[in-house]
There are 2 protein chains.
Amino acid sequence: MNDHIARERSMTDLTRATADIPPGRATIVDVARAAQVSRQTVSNVLNRPDKVAAPTLERVLREIDRLGFTPHVTAQQLRRRKAAAYGFEVNPSGHGRMGHILDEFLVQLTVAAPAHGSHLMTFAPDPDDVIEGYRQTLATGLVDGFVLADTRPGDPRPQWLLDHHVPFVAFGRVWDLPELLQWVDVDGGTGVRDAVAHLVAAGYERIGFLGWPAGSPVGDDRRSGWLAGLADAGRTASAVEAEESVQDLDQATAAAERLLRRLGPGSAVVCASDMLALGAVRAVRNTGLALGADIGVVGFDDTDVAEALSVTSIRQPIAEAARTAWDLLTSPQSPRPVLLSPVLTVRSSTTRTPSSPATRPRDTPITEEQ
Amino acid sequence: MNDHIARERSMTDLTRATADIPPGRATIVDVARAAQVSRQTVSNVLNRPDKVAAPTLERVLREIDRLGFTPHVTAQQLRRRKAAAYGFEVNPSGHGRMGHILDEFLVQLTVAAPAHGSHLMTFAPDPDDVIEGYRQTLATGLVDGFVLADTRPGDPRPQWLLDHHVPFVAFGRVWDLPELLQWVDVDGGTGVRDAVAHLVAAGYERIGFLGWPAGSPVGDDRRSGWLAGLADAGRTASAVEAEESVQDLDQATAAAERLLRRLGPGSAVVCASDMLALGAVRAVRNTGLALGADIGVVGFDDTDVAEALSVTSIRQPIAEAARTAWDLLTSPQSPRPVLLSPVLTVRSSTTRTPSSPATRPRDTPITEEQ
DNA sequence: CTGAAAGCGCTTACAG
DNA sequence: CTGAAAGCGCTTACAG
């Protein structure tokens, strides 16, 4: 099996001890033999090329290339006592409120891994004892640490990892441990604030907020961004301009209808999620108004739903979050928290009139810097 | 770091060679010492317990437990020349037509991995040279093979893997290589057929199909399932009862409107995707009809969108597909293809009247066996 | 600058 | 049934 590498390799394979090893991959010894050096020198070429004389270096590199040699990472891991791998927890029951954002985060972590000489191993802990899942995964020696996602108040993982000196980084603020520095998050509040600015510029008069019931840090953060945006524009929020709903379409629709009744045409609604925005879109229709022209709607997370409905939505910079996570994990300096700004994807749901100066090309993400 | 395991371990650590190794994890040698046996015996306890005398076995197991010993998988991999890991390609640009199904597949593969003594490593090949990504990943020795997803006509991966004797299994038929046996897929045709039966039972008179343009194996399969379902019910399809659209909401809505005009109230539309179903739902509204009562709509994949809109949808048994993939990959016998039946999640979009006998509790998946 | 030695933690024939 | 030996493929001080 796996005779895919270095088919040109020499017949010295036959000297290998165990007969059941199929010929196939070149090892450091094969390269050493071909280049007429010791295998330590080959290792030096790989790991500390500055310590190798130029002619030797070139000769060894040539043989590495010719034989198609790639170091066996498992052997490196064992010898270096470092897996150069990190664990990432996945969750069968969907990722709760975060939806598919975490799927994209996993993809982007994978994309960025090679640049940090690392890779990712997924694992699915028992929901009844998540910590045990982390303990076992670590005990295999297959990972050096973890990338946490979906951090939440009461999350036992950060403290456990801290207690056991396990390297980790969190995507999402670690709410319980304000002194903790190794996290990257997206500044949802700023995203909403920028969306309000966009709506003001687009000409909407009153701007309401459709959010979740108070108490979730993420939701409260987005709500305060809305208030800040209103303040930026010199407007004051009155209590009647906000509504809340749990993540259920019918309830969201009903809440949006109440909100629209108070706001009236010419106003806009910023929503804490695309699901809530979908409810708002239905409410607009049920009320007999036109999306965009009469009522602006902004969602959050720029999911398939927002794209399909042509709803403007606040997009988290997931790829950047993933790269930052690796930086925090592998950088030698002491980490500091990173708060990334989301980006507004403007679509027709926030175009008041077709000829409005606020109209932007559909589906073109723009950053609303303030 | 990582002093999380076996803090009760003996002080014999100090005899370890490299000083920079923090005390922490118990090794097989620690267990051997504590149990007064050689380390080979500990290994035998782990790998061939039947070859160890009962008292010895018990004594060693007790020490393993007391010291919290877990074998170092990296060392096992090196010695066994087997990674017991498989690579899974992830794709930044979304997974094309399959949507988030593949994200769930990855999660379910991860869930099922430990039962097969294996784990999963994600990697993201360069889209311009996917094969090279597979080659490099394999060359690290970190994986023994791959789980392929999103197979499609013209896919170069199966043939390359075959040529290089790399173990793999595919989620999705390998269209180009009919002789290939190691795949698991979901029988979309049967899913659609069952959906038609459900609609007939629910009392819808004419049943149309909203699909993709002909030419995609997956789409054509679903369309033929619709025809088979009509035949089952003793109905014949006429060309006017089908429409097609690319995966764009506006186009899908327009196509659905054309279809509805021909079908009239009391009929239903089976769609090849939830996105198309969303278009159908909009068309129903635009036409002034009531979803469910006047027009039935069925989607495919049971995504968030279907759930949010309360649309009946055909769900792929992803967890079962993942388990089957592991079986095919790790079973010693020669593999045979597996075609799984999807399951219909019935919601109010296919409830003709509130008191209809076809009404089923919302969100309860049921299997429509024929 | 180059190479002989030791060793990462484990497993697998093979003697006893 | 148990243990001494060899070795997986690599890296890291350390002599020369």
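Throughout, protein chains are lettered first and strands after them, A, B, ... in sequence-line order, and every chain is numbered starting at 1.
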With B/Y86 as reference, evaluate B/F146, B/W326, B/Y134 under the ring-ring contact (aromatic ring centres under 6.0 Å, His included) test and give the passing residue.
B/W326
Between P on D/dG9 and CG on B/L142, what's the gap in Å once rounded to a whole number?
14 Å
Looking at every heavy atom in both B/A321 and B/F105, which two are closest together, and how far apart are they?
C-CE1, 3.9 Å
DNA chain D nearest-nucleotide lookup for B/L78 and B/R59: closer to the 5′ end is B/R59
Looking at A/R62 and A/E58, does any basic side-chain N land under 4.0 Å from a carboxylate oxygen?
yes
What nucleic acid atoms does B/V37 come within less than 4.0 Å of, heavy atoms only: base, sugar-phosphate, or nothing?
sugar-phosphate
Whole angstrom value for the distance that separates P of D/dG3 from CD of B/Q36
10 Å
Just compare C/dT12, C/dG9, D/dC10 and give me whichever is closest to any side-chain atom of B/R48.
C/dT12
Without decimals, in angstroms, what is the distance between B/N44 CG and C/dA13 P?
11 Å
Whole-Å gap separating P (D/dC8) and NZ (B/K82)
19 Å
The single option from A/V52, A/T27, A/I28 passing side-chain contact (heavy atoms from CB on, under 4.5 Å) against A/V42:
A/I28
Identify whether any heavy atom of B/T56 sits under 4.0 Å from a base atom; if not, whether one sits that close to sugar-phosphate; answer base, sugar-phosphate or nothing.
sugar-phosphate
How many Å lie between CZ on A/R80 and P on C/dA6, as a whole number?
22 Å
Sort out the partner of C/dA13 for me: Watson-Crick or G-U wobble, both distances under 3.5 Å, none otherwise.
none
B/T41, nearest nucleotide to its side chain (from C/dT11, D/dG3, D/dG9)
D/dG3
Nearest to the B/A53 side chain among D/dG9, D/dC1, C/dC8, which nucleotide is it?
D/dC1
Side chain of B/S43 only, please: which of D/dT2, C/dT11, C/dG3 is the nearest?
C/dT11
Between C/dT2, D/dT2, D/dG7, spot the one nearest the side chain of B/R79, thanks.
D/dG7
On DNA chain C, compare the nucleotides closest to A/R39 and A/L57; which residue's is nearer the 5' end?
A/L57
Tell me the interatomic distance from A/Q76, atom CD, to C/dG7, atom C1', rounded to whole angstroms.
16 Å
Are the charged groups of B/R66 and B/E63 less than 4.0 angstrom apart, N to O?
yes
From CG of B/N47 over to P of C/dC10, roughly how many Å is that when rounded to an integer?
11 Å
Gap between atoms CG and C1', on A/L46 and D/dC10 respectively (whole Å)
10 Å
Any side-chain N or O of B/R81 less than 4.0 Å from the OP1 or OP2 oxygen of C/dT11?
no
